[in-house]
Amino acid sequence: MALKVGFVGTGGIATRHLNNTAARDDTAMVGYADVVLERAQAAAEQYGGNAYADFRELYDTEQPDVVVISTPPFAHGEIEEEAAARGIHFFVEKPVAVSMDLAKRVLTAVEEAGIAAQVGYMYRFSEALLKVRELLKGRALAMVQAHFYMPGLPPPAWWPYMAKGGGQLVEQATHLLDLGRFLAGEVATVAGRTATVRNWTDVPEGYEPEVMREFSEEFEIPDVTALILEYESGALGTLSCSIVPQGTWDVGFKVVADGLLVTIEGPNARWSGDEEGEVQAAENWNEYVLYDLYDTIIAGSTETTVPYIEGVKSLAISLAGYESVNRGGAPVAVADLLA
Ligand SMILES: NC(=O)c1ccc[n+]([C@@H]2O[C@H](COP(=O)([O-])OP(=O)(O)OC[C@H]3O[C@@H](n4cnc5c(N)ncnc54)[C@H](O)[C@@H]3O)[C@@H](O)[C@H]2O)c1
């Protein structure tokens, strides 16, 4: 029997998950919930199934086996808890929340319900990055240097607000903080600084936003961030982030290990040293993270590759970074946030 799938939040990124789900013949897309009902209706029209303004109605009427949650960072909590209470498995986009308290609450609900809950850290599935992980195993790690440069402010209205989007560290750079854990192990401490280097709110008359915005009437997040991370292995890491407008996305790592220098650009990697090579991720690499959940449920298991706890641990690093900023740049122990 086909896996019954529902969707909560049918905005920007949901399109990827809708298309990837529609491409499988072992799923049935039964319903869509969005607080902007027209968005849910548009999805229902395109993919079949019913539209709802309230996720609870979707859960109770359609009784899906699994829901794909693509809501903004601030809109987590009850959506996951109510799914867990009904035994509905879920996929949730990163970040899992903007606060540790809420993330821990949902974790408890997931564990008590015994459901499968996968977090959308898609980089963990890239063929290239899996190869890098294998190459790094057993080597002494030295530096884990990451950067996340965006060509401006993304279009969703919640992005420029700390309490809604979480800031770039929580919202976007979480991909790299999670990947750093995946490749180099757990982070012990984080020290951070943030700054805002340009005037975003002086919106020029007649300004027409492009795909990425250069201005926003209200803007309360830092536009540049720098972190120093101490890994439990003893390796040091850095992360530089910017949303200051410039021409391009540039997201990646340099990892220095004993005998190896690895360069990661998005989902692709190359390396040199005592081994040399490169791997490009497959064109459809970003669908694996959702398919892993579907395949796990169909196989009768709840053991997914990126369980909810991974989202909680990666969130703790972002929030430790902002906590350090609040403490004037003093190192913050990640374990204190997880306790
Ligand atoms: N993995 C990736 O590559 C990737 C890429 C883009 C976005 N994302 C993540 O996906 C999430 C959503 O981002 P987006 O760009 O799609 O945002 P968006 O604002 O375009 O879409 C979010 C949708 O959720 C709806 N929504 C808000 N609260 C809701 C609620 N309580 N119930 C039902 N629907 C609700 C909104 O109306 C909107 O349609 C973010 O956490 C973002 O970080 C991940």
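The model shown is predicted, which means the values in this text are computed figures rather than measured ones. We use all heavy atoms of the structure for the numbers below, so side chains are in, but hydrogens, waters and symmetry mates are not. Just follow the structure's listing: the first ligand is 1, and inside any ligand the first atom is 1.
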| query | Hey, mind stepping through D223 and T196 against side-chain hydrogen bond (donor to acceptor under 3.5 Å, both in side chains) and telling me if it holds? | reply | CA-CA 5 Å; D223 57 17; T196 303; 4.5 Å; no

| Heavy-atom nearest option to atom 33 (C) of ligand 1, drawn from I69, T15, V35 | V35

Residue [X] vicinity, atoms of ligand 1 by number, heavy atom under 4.0 Å:
X    : answer
V36  : 37 (O)
H175 : 1 (N), 2 (C), 3 (O)
T71  : 11 (C), 12 (C), 24 (O), 29 (C), 34 (N), 35 (C), 40 (C), 41 (O)
S70  : 12 (C), 22 (C), 23 (C), 24 (O)
R39  : 36 (C), 37 (O), 38 (C), 39 (O)

| Y322 to Q168 - nearest heavy-atom pair and separation |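 What the structure gives for the nearest pair is OH-N, 3.3 Å.
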
| said: Testing the basics here: between K164 and P73, what is the closest heavy-atom pair and its distance to 0.1 Å? | reply: O-CB, 3.4 Å

Can you check whether [X] has an N/O within less than 3.5 Å of an N/O in ligand 1?
X   : result
V8  : no
K94 : yes
I13 : yes

Would the distance check show the side chain of [X] and the main-chain N or O of [Y] forming a donor-acceptor pair, the cut-off being under 3.5 Å?
X    : Y    : result
R198 : V244 : no
Q118 : V306 : yes
T15  : G12  : yes
T71  : A75  : yes
T108 : K104 : yes

Can we say [X] and [Y] salt-bridge, meaning some charged N sits less than 4.0 Å from an Asp/Glu carboxylate O?
X    : Y    : answer
R270 : E265 : yes
R181 : E310 : yes
E62  : K4   : no
E82  : R86  : yes

What protein heavy atom is closest to [atom], reported as residue, atom name and distance in Å?
atom                    : value
atom 15 (O) of ligand 1 : P156 CG, 3.8 Å
atom 28 (N) of ligand 1 : A75 CB, 3.6 Å
atom 27 (C) of ligand 1 : P72 CD, 3.4 Å
atom 20 (O) of ligand 1 : G12 N, 2.9 Å
atom 43 (O) of ligand 1 : E171 OE2, 2.3 Å
atom 1 (N) of ligand 1  : E93 OE1, 3.2 Å
atom 37 (O) of ligand 1 : D34 OD1, 2.5 Å
atom 17 (O) of ligand 1 : W158 CZ2, 3.4 Å

Report yes or no: does a heavy atom of [X] sit under 4.0 Å from some atom of ligand 1?
X    : answer
R16  : yes
Q172 : no
P95  : yes
I79  : yes

| request: Just do the ring-ring contact (aromatic ring centres under 6.0 Å, His included) check on F7 and H17 with the steps written out, would you? | output: CA-CA 9 Å; F7 295 82; H17 304 315; 8.1 Å; no

